[in-house]
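Everything on this sheet refers to the single structure shown next.
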Number of protein chains: 2
Amino acid sequence: MEHRIDRIKKQLHAQSYKLTPQREATVRVLLEREEDHLSAEDVYLLVKEKAPEIGLATVYRTLELLSELKIVDKINFGDGVSRYDLRKEGAAHFHHHLVCMECGSVEEIEDDLLEDVEKIVQSDWGFQVKDHRLTFHGVCRNCQLEAAKKTQTS
Amino acid sequence: MEHRIDRIKKQLHAQSYKLTPQREATVRVLLEREEDHLSAEDVYLLVKEKAPEIGLATVYRTLELLSELKIVDKINFGDGVSRYDLRKEGAAHFHHHLVCMECGSVEEIEDDLLEDVEKIVQSDWGFQVKDHRLTFHGVCRNCQLEAAKKTQTS
DNA sequence: TATTAATTTATAATTATTTTAAATTACAGA
DNA sequence: TCTGTAATTTAAAATAATTATAAATTAATA
């Protein structure tokens with residue numbers, strides 16, 4: 001954890017940004033909740049526990065900055081809210097998501113899966129791919145089991 | 001065109017929704033600008049040319065409704081605006097997008113491309129895929145050519 | 001430790017979208 | 001063709017998400 005904070009500190013300094021306590025607290029929240037997909041508001045509420053004086057606007061600015069530095073990825077699952085997702089260290093590409101239409105859960109897929117597709121896009125469309133966003137909407141394992149149970153009992 | 005309007009009318013009636021002039025005007029705009037990725041505001045301005053009395057809220061409601069009926073797909077490219085994209089007739093899945101980070105242009109890909117990936121997601125993650133959203137961010141052919149020109153002259 | 005550019009705060013403004021209640025209207029059925 | 005009714009629109013206000021502003025503060029270099 002401290003190691004990653006340190007690296008982020010260096011990334012900030014490299015572009016003459018400062019690591020303020022507010023920014024550090026925000027990064028810590030993101031590291032602690034790496035599995036989640038927090039909205040700015042979510043992050044704000046969690047950061048407040050560490051740094052009660054922080055303002056929501058600061059959280060927004062920090063998340064925007066971390067986004068520029070490719071430390072977090074901003075994503076939107078179709079509700080009107082942006083969510084912020086920490087990029088895995090050393091990951092070249094953004095990971096994928098499985099959004100359950102029944103229960104709303106979000107699962108992450110680290111595997112690339114798109115290598116072949118990107119090659120086709122490059123060669124057939126002449127489009128130079130820099131990043132991607134891939135989200136599957138469907139029914140997660142749990143909800144499938146639930147549905148199966150209901151069918152049996154009824 | 002009239003044929004598609006008729007089909008949409010039937011889809012509405014099947015769920016006891018009405019085809020009001022406002023809805024028809026909205027659908028016509030979407031059909032005429034099928035290649036584009038219009039925001040609600042964009043649609044509103046275009047619909048106003050056909051039906052000047054229409055309100056923005058009505059456009060939002062209509063787009064929401066068409067979304068539910070799977071006539072349009074709602075998508076978000078990362079600016080804070082939802083965009084509405086007419087589903088091709090008979091298309092099982094939502095098409096993909098190539099968003100140019102230089103000029104902001106958006107190109108569409110009709111080809112499925114994800115069949116294999118979806119099979120893997122189903123078998124390895126037990127996730128039942130119903131739909132997807134795939135967007136590539138990168139540099140379009142034009143902007144690559146522009147960049148190449150600049151390198152030559154300088 | 002002094003300087004200065006970067007940052008935060010607090011507040012207000014903006015933008016996107018949704019809600020509400022009253023007035024209107026599409027359309028199934030007489 | 002007319003009518004009743006549920007669905008819809010309008011107009012306006014409310015809400016939610018995000019961004020901008022100016023004054024006060026502060027991190028980090030020299």
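Throughout, protein chains are lettered first and strands after them, A, B, ... in sequence-line order, and every chain is numbered starting at 1.
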Does OP1 or OP2 of D/dT19 have a side-chain N or O of A/Arg61 closer than 4.0 Å? no
Measure the distance from CG on A/Leu45 to P on D/dA16 and round it to the nearest whole Å. 14 Å
Need to verify one output field. Residue with the more 5' nearest nucleotide on DNA chain C, A/Leu65 or B/Lys74? A/Leu65
Please report the distance, rounded to the nearest Å, between CD in A/Glu53 and P in D/dT26. 10 Å
Which of these nucleotides, C/dT9, C/dT19, C/dA16, is closest to any side-chain atom of B/Tyr60? C/dA16
What does A/Leu56 touch in the nucleic acid at a heavy-atom separation under 4.0 angstrom: a base, only the sugar-phosphate, or nothing? base
Take B/Phe77 and B/His97, measure what ring-ring contact (aromatic ring centres under 6.0 Å, His included) needs, and give me the verdict at the end. CA-CA 9 Å; B/Phe77 291 131; B/His97 293 95; 5.1 Å; yes
So, is A/Gln22 near the phosphate of D/dT26, with a side-chain N or O under 4.0 Å from OP1 or OP2? no
What's the CG-P distance between B/Leu19 and D/dA6, to the nearest Å? 21 Å
Between A/His93 and A/His95, is a ring-ring contact (aromatic ring centres under 6.0 Å, His included) present by the stated rule, with each step listed? CA-CA 6 Å; A/His93 281 297; A/His95 52 256; over 10 Å; no
Spacing of A/Tyr84 atom OH relative to D/dA17 atom P, expressed in whole Å: 12 Å
How would you label the contact of A/Ser82 with the nucleic acid (heavy atoms, under 4.0 Å): base, sugar-phosphate, or nothing? sugar-phosphate
Would you call B/Lys9 and B/Glu24 a salt bridge, taking side-chain N to carboxylate O under 4.0 Å as the test? no
Starting at atom CD of B/Glu41, determine the distance to atom P of C/dT18, rounded to an integer number of angstrom. 14 Å
Between D/dT8, C/dC27, D/dA27, spot the one nearest the side chain of A/Pro21, thanks. D/dA27
In whole angstrom, give the distance that lies between atom CD of A/Glu24 and atom P of D/dT26. 16 Å
Closest to the 5' end of DNA chain C, once B/His13 and B/Val81 are matched to their nearest nucleotides, is B/Val81
When rounded to whole Å, the CD1 to P distance for the pair A/Ile54 and D/dT26 reads 14 Å
Name of the residue among B/Thr62, B/Asp42, B/Ile54, B/Leu56 meeting side chain to side chain contact (heavy atoms under 4.5 Å, CB included) with B/Val47: B/Ile54
For the residue pair B/His96 and B/His132, does the interplanar ring angle fall in the parallel (under 30°), tilted (30 to 60°) or perpendicular (over 60°) class? tilted
Rounding to an integer number of Å, can you tell me how far A/Lys10 NZ sits from D/dT29 P? 12 Å
So, is B/Thr58 close to the D/dT8 phosphate, meaning a side-chain N or O under 4.0 Å from OP1 or OP2? no
For a quick test of reading the model: is some side-chain N or O of A/Thr20 closer than 4.0 Å to OP1 or OP2 of C/dT8? yes
Whichever of A/Lys18 and A/Ala40 has its nearest DNA chain D nucleotide further upstream toward 5': A/Ala40
